Amino acid sequence: QVQLVESGGGLVQAGGSLKLSCAASGLTFRTYLLMGWFRQAPGKEREFVTAISASGGSTYYSDSVKGRFTISRDNAKNTMYLQMNSLKSEDTAVYYCAAQLYVGGVGRWSEQTSRYNYWGQGTQVTVSS
């Protein structure tokens, strides 16, 4: 059973930066995990942020974060990262790490929450203005 744990959330001023991490455990030899980030603000639907293929060779971003956020992964450390720059107040949300067993690339299909098998507990990101 794959388990995901997010960390790195906190309070940051608008225009600042923050880096989130997602550590995966329970992996086995040649476990192909497409991974992504979602976020959810109180009273709102869970929103897709970005995703990265199992190999790290393909990335996909929502329009709202494109150019500001960067997703990456270090498979040797079983860890995924989300570098967030130029943060805005509307980025305030609980950020969730998610993963699915998939060997292919990422694209619009990666936005579908139903495709993800595993979820972290979330980490709070608050952007003050």
Side-chain angles (χ1 to χ4, degrees):
Q1 176 73 18
V2 175
Q3 296 187 50
L4 307 174
V5 179
E6 305 96 332
S7 62
L11 176 65
V12 63
Q13 293 185 2
S17 298
L18 204 61
K19 188 173 185 177
L20 307 182
S21 298
C22 174
S25 62
L27 304 180
T28 60
F29 179 66
R30 291 191 176 183
T31 298
Y32 292 94
L33 284 180
L34 182 154
M35 301 183 74
W37 291 95
F38 291 77
R39 64 188 183 185
Q40 187 169 25
K44 296 185 178 180
E45 297 284 336
R46 188 162 297 188
E47 174 190 25
F48 171 79
V49 178
T50 181
I52 187 168
S53 62
S55 69
S58 179
T59 60
Y60 177 69
Y61 298 89
S62 68
D63 290 340
S64 63
V65 307
K66 194 177 302 180
R68 299 189 298 121
F69 291 9
T70 302
I71 188 172
S72 62
R73 65 192 298 163
D74 185 342
N75 285 347
K77 297 181 178 180
N78 293 326
T79 303
M80 175 181 65
Y81 306 96
L82 181 63
Q83 178 65 53
M84 304 183 292
N85 299 325
S86 301
L87 284 162
K88 307 173 182 179
S89 60
E90 51 262 45
D91 294 318
T92 295
V94 176
Y95 282 70
Y96 295 92
C97 172
Q100 59 179 277
L101 297 171
Y102 185 66
V103 302
V106 291
R108 288 190 61 85
W109 58 91
S110 306
E111 300 176 12
Q112 302 171 21
T113 58
S114 62
R115 296 176 63 93
Y116 292 84
N117 310 98
Y118 310 103
W119 294 84
Q121 84 291 341
T123 185
Q124 177 71 49
V125 172
T126 303
V127 183
S128 63
S129 61

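Keep in mind that this is a model prediction, so the values were computed, not measured.
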Do [X] and [Y] land in one hydrophobic cluster if side-chain heavy atoms of ILVMFWY residues count as linked below 4.5 Å?
X: Tyr95; Y: Val12; result: yes
X: Met80; Y: Tyr60; result: no
X: Val49; Y: Leu20; result: yes

Could you pull out every donor-acceptor pair under 3.5 Å between side chains of residues 96-106 and any protein atom, sequence neighbours left out?
none

Find the distance between [atom1] ([X]) and [atom2] ([Y]) and round it off to the nearest 0.5 Å.
X: Glu111; Y: Phe38; atom1: CD; atom2: CZ; value: 8.0 Å
X: Asp63; Y: Phe48; atom1: CG; atom2: CZ; value: 10.5 Å
X: Ser129; Y: Leu87; atom1: OG; atom2: CG; value: 12.0 Å
X: Arg108; Y: Gln112; atom1: CZ; atom2: CD; value: 9.5 Å
X: Ser55; Y: Tyr32; atom1: OG; atom2: OH; value: 9.0 Å

Test your reading of the model: is there a side-chain donor-acceptor pair from [X] to the backbone of [Y], 3.5 Å cut-off?
X: Arg73; Y: Leu34; answer: no
X: Thr92; Y: Thr126; answer: no
X: Tyr116; Y: Ser110; answer: yes
X: Glu6; Y: Gln121; answer: yes
X: Ser21; Y: Tyr81; answer: no
X: Asn78; Y: Gly26; answer: no

Are the side chains of [X] and [Y] in touch, meaning some heavy atoms are under 4.5 Å apart?
X: Met35; Y: Tyr118; value: no
X: Trp37; Y: Met84; value: no
X: Ser17; Y: Gln83; value: yes

Item to complete: Would you check, one step at a time, whether the test side-chain contact (heavy atoms from CB on, under 4.5 Å) holds for Arg39 with Leu82?
Response: CA-CA 12 Å; Arg39 64 188 183 185; Leu82 181 63; over 6 Å; no
List the atom of [X], the atom of [Y], and the distance in Å for their closest heavy-atom pair.
X: Ser64; Y: Glu47; answer: OG-OE2, 3.8 Å
X: Leu4; Y: Ala24; answer: CD2-CB, 3.7 Å
X: Trp119; Y: Thr113; answer: CZ2-O, 3.8 Å
X: Tyr61; Y: Thr70; answer: OH-CA, 3.4 Å
X: Thr59; Y: Ile52; answer: CG2-CG1, 3.8 Å

Worksheet entry | Residue Gln13 excluded, over 12 heavy atoms near CD under 6.0 Å |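 Open.
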Worksheet item: Is Gln3 atom CD crowded by more than 12 heavy atoms from other residues, nucleotides or ligands, each under 6.0 Å away?
Response: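 Result for CD/Gln3: open.
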Item to complete: Decide salt bridge (charged side-chain N to carboxylate O under 4.0 Å, His left out) for Asp91 and Lys88; before the verdict, give the C-alpha distance in whole Å, the side-chain angles of both, and the deciding distance to 0.1 Å.
Response: CA-CA 5 Å; Asp91 294 318; Lys88 307 173 182 179; over 6 Å; no
